[in-house]
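One structure is given here, and the rest of the page talks about it.
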Amino acid sequence: MIFELGRYILLMFRVFRKPEKWSVFRSQFLVEINNLGLESLGIVAIISVFMGAVVAIQTSYNIDSPLIPLTMVGFTTRQSVILEFSPTIISLILAGKIGSRIASEIGTMRVTEQIDALEVMGINPANYLILPKLTAAVFINPFIIILSIGFALVGGWLVALLTHLVTTHDYITGIRYDFDSYTIIYALIKTVFFAFLITTIAGYKGFFTRGGALEVGDASTKAVVWSCIFIILFNLILTQILLS
Amino acid sequence: MIEVLNISKSFGNKQVLNDVSMQFEKGKTNLIIGQSGSGKTVLMKCLVGLMPVDQGKIMFDGRSFHEMSFRKQKEIRKEIGMLFQGGALFDSLTVEENVIFPLTMFTAQSEEEKRERANFCLQRVNLKNSNHLYPSELSGGMIKRVAIARAIAMNPPYLFCDEPNSGLDPITSGVIDELISELTEEFQMTTVVNTHDMNSVIRIGDKVFFINDGRLWWEGDKHQVLYSDNEELNDFVFATELTRRLKAN
Ligand SMILES: Nc1ncnc2c1ncn2[C@@H]1O[C@H](COP(=O)(O)OP(=O)(O)OP(=O)(O)O)[C@@H](O)[C@H]1O
Ligand SMILES: [Mg+2]
């Protein structure tokens with residue numbers, strides 16, 4: 001564990017270097033924005049809509065006292081989606097989707113000697129392979145999370161509309177009630193941290209793969225497991241720091 | 001010229017290379033032969049700087065690789081072309097893009113110039129009309145040829161090949177061997193080739209080094225290799241039925 005941490009930190013020193021050529025970096029960055037960001041939009045949209053819907057139903061189910069106004073449904077949905085569901089749950093989903101992709105891509109390059117080939121050419125492979133993915137995810141994930149929040153609120157509203165638990169008017173009023181923009185900032189800070197964790201842990205696992213196809217699969221599983229664990233851990237730490 | 005001076009390398013307490021010294025001359029194809037597990041790949045990885053050595057020096061025309069600053073090492077790396085055992089082509093890039101890759105990274109050439117150079121290299125290895133295929137669409141022999149084209153794209157003074165014809169049929173092996181040998185002469189490269197194929201040895205071995213048990217056991221050329229009185233070398237050279245029969249005649 002200490003060994004892994006040390007090796008991870010040393011790898012990060014190699015990742016954060018000036019790219020060999022900015023024009024190459026820029027095109028890699030754009031490719032990764034597409035691969036890691038835009039291609040995740042579909043699944044994020046679906047999960048967010050359903051998540052928002054479920055939160056809305058659960059909240060209205062829990063409100064049985066006539067003293068609590070039904071606007072609470074919109075309010076609670078908004079709060080839980082912004083504070084926790086979108087940044088954390090979606091990041092966990094992305095850990096599965098982009099974490100496994102990164103680890104298997106880099107792991108395959110390792111076991112087929114493509115990383116050695118880069119190194120022999122005089123290219124820093126850690127920087128060349130990991131930095132574009134890292135910067136792309138850190139850049140695009142906040143947008144994805146904002147969209148996810150939007151989709152989740154729409155999901156809650158659809159439920160309100162279809163089940164008549166609350167009126168659209170009440171729901172919207174709830175969403176707009178006592179809005180604190182700091183919660184959005186908190187969500188985005190978490191998102192950026194999680195994007196960093198996912199890409200670097202997956203990059204690390206891929207980079208140090210040894211063996212063959214079996215080990216690549218193993219690296220990609222471990223990348224997902226460890227990203228999830230660290231996301232949960234940092235979720236606690238960041239929440240303590242930012243919200244208390 | 002590359003000089004290897006007394007290098008040793010071990011993993012844990014397993015000594016893989018033991019006080020090995022050799023000289024690889026310019027314009028010559030230098031072969032390193034030895035049994036599987038004798039340390040050929042480890043030696044080559046030390047030569048190109050993929051692995052640190054425990055002891056000893058490697059001099060590229062008088063410049064000691066392992067004693068250099070990182071920046072200087074990078075300069076030497078740009079002078080090294082390497083052909084990996086499995087080709088190590090970038091599988092997200094097409095054939096042409098693979099060959100262009102080092103040019104993009106290290107030169108300021110225009111797209112036009114790069115494409116011209118890539119096509120020259122691809123023609124040189126007899127690969128035509130495959131520019132837009134991906135590595136997964138190539139045969140083993142084609143992969144090796146693209147890898148050679150990529151290795152020579154930067155016009156390197158040093159060329160390293162790890163088992164260039166493993167997994168190829170005898171005819172294709174011959175073609176690859178000839179290609180390496182021709183390119184070495186044509187561009188006056190210092191070429192080092194790992195192999196355990198005796199055909200390559202007698203065909204292109206300007207200089208032959210036999211590694212056994214982590215030590216340099218024997219050195220000579222393709223003519224001498226068949227007539228040495230070194231027991232271990234003879235065991236290796238005449239290990240196949242074919243060579244044994246030839247010897248009997
Ligand atoms: N990274 C490593 N860690 C530990 N031991 C290693 C490592 N790389 C190679 N070895 C050991 O070094 C020895 C020499 O291996 P090497 O790959 O150089 O053999 P080789 O001569 O290239 O064989 P082959 O002809 O099969 O390719 C082997 O016993 C191998 O187990
Ligand atoms: Mg080998």
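Side chains included, hydrogens not; waters and symmetry mates left out as well; all remaining heavy atoms used. In what follows, chains carry the letters A, B, and so on, assigned in the order in which the sequence lines appear, proteins first and then strands, with residues in each chain numbered from 1.
- Residue A/Gln114 comes nearest to B/Asp91 through the heavy atom pair NE2-OD2, 3.0 Å, listed as atom of the first residue, atom of the second, then distance.
- You'll find the side chain of B/Phe160 stays beyond 4.5 Å of the side chain of A/Val120, heavy atoms only.
- Environment of CZ in B/Phe60: crowded, with over 12 heavy atoms of neighbouring residues, nucleotides or ligands closer than 6.0 Å.
- Sparse packing is recorded around CZ of B/Phe70, with 12 or fewer heavy atoms of other residues, nucleotides or ligands lying under 6.0 Å away.
- By number of non-hydrogen pairs under 4.5 angstrom with chain A, the leading residue of B/Glu75, B/Arg150, B/Met82 is B/Arg150.
- Within the model, atoms CG of B/Leu50 and CD1 of A/Ile115 stand 11.5 Å from one another, a figure rounded to the nearest 0.5 Å.
- Taking a 6.0 Å sphere around CD1 of A/Ile43, one finds it holds 12 or fewer heavy atoms contributed by other residues, nucleotides or ligands.
- Residue contact with chain A, scored on non-hydrogen atoms closer than 4.5 Å, is absent for B/Ile76.
- A distance of 4.0 Å separates CZ in B/Phe90 from CG in A/Leu118, rounded to the nearest 0.5 Å.
- A donor-acceptor pair is defined here as one N or O able to donate and one able to accept, closer than 3.5 Å; such a pair exists between the side chain of A/Lys21 and the backbone of B/Thr107.
- Of the listed residues A/Ile123, A/Val24, A/Asn124, the one with more heavy-atom pairs under 4.5 angstrom with chain B than any other is A/Ile123.
- Around atom CZ of A/Phe143, no more than 12 heavy atoms belonging to other residues, nucleotides or ligands sit under 6.0 Å away.
- Within 6.0 Å of CD in B/Glu116 there are 12 or fewer heavy atoms belonging to other residues, nucleotides or ligands.
- Other residues, nucleotides and ligands contribute at most 12 non-hydrogen atoms within 6.0 Å of the CZ atom of A/Arg26.
- Summarising the local packing, CD of B/Gln35 is surrounded by 12 or fewer heavy atoms from other residues, nucleotides or ligands at distances under 6.0 Å.
- The local environment of CZ in B/Phe187 is crowded, with over 12 non-hydrogen atoms from other residues, nucleotides or ligands closer than 6.0 Å.
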Candidate pair B/Lys74 and A/Glu20, rule salt bridge (Lys or Arg N to Asp or Glu O under 4.0 Å), full reasoning: CA-CA 11 Å; B/Lys74 213 168 126 174; A/Glu20 189 68 43; 2.8 Å; yes
side-chain contact (heavy atoms from CB on, under 4.5 Å) evaluation trace for B/Phe101 with A/Met121: CA-CA 10 Å; B/Phe101 181 83; A/Met121 287 178 194; 3.8 Å; yes
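- Distance CD/A/Gln28 to OG/B/Ser92: 9.0 Å, rounded to 0.5 Å.
- Chain A forms the most heavy-atom pairs under 4.5 Å with one residue out of B/Arg77, B/Met154, B/Glu79, B/Gln85, and that residue is B/Arg77.
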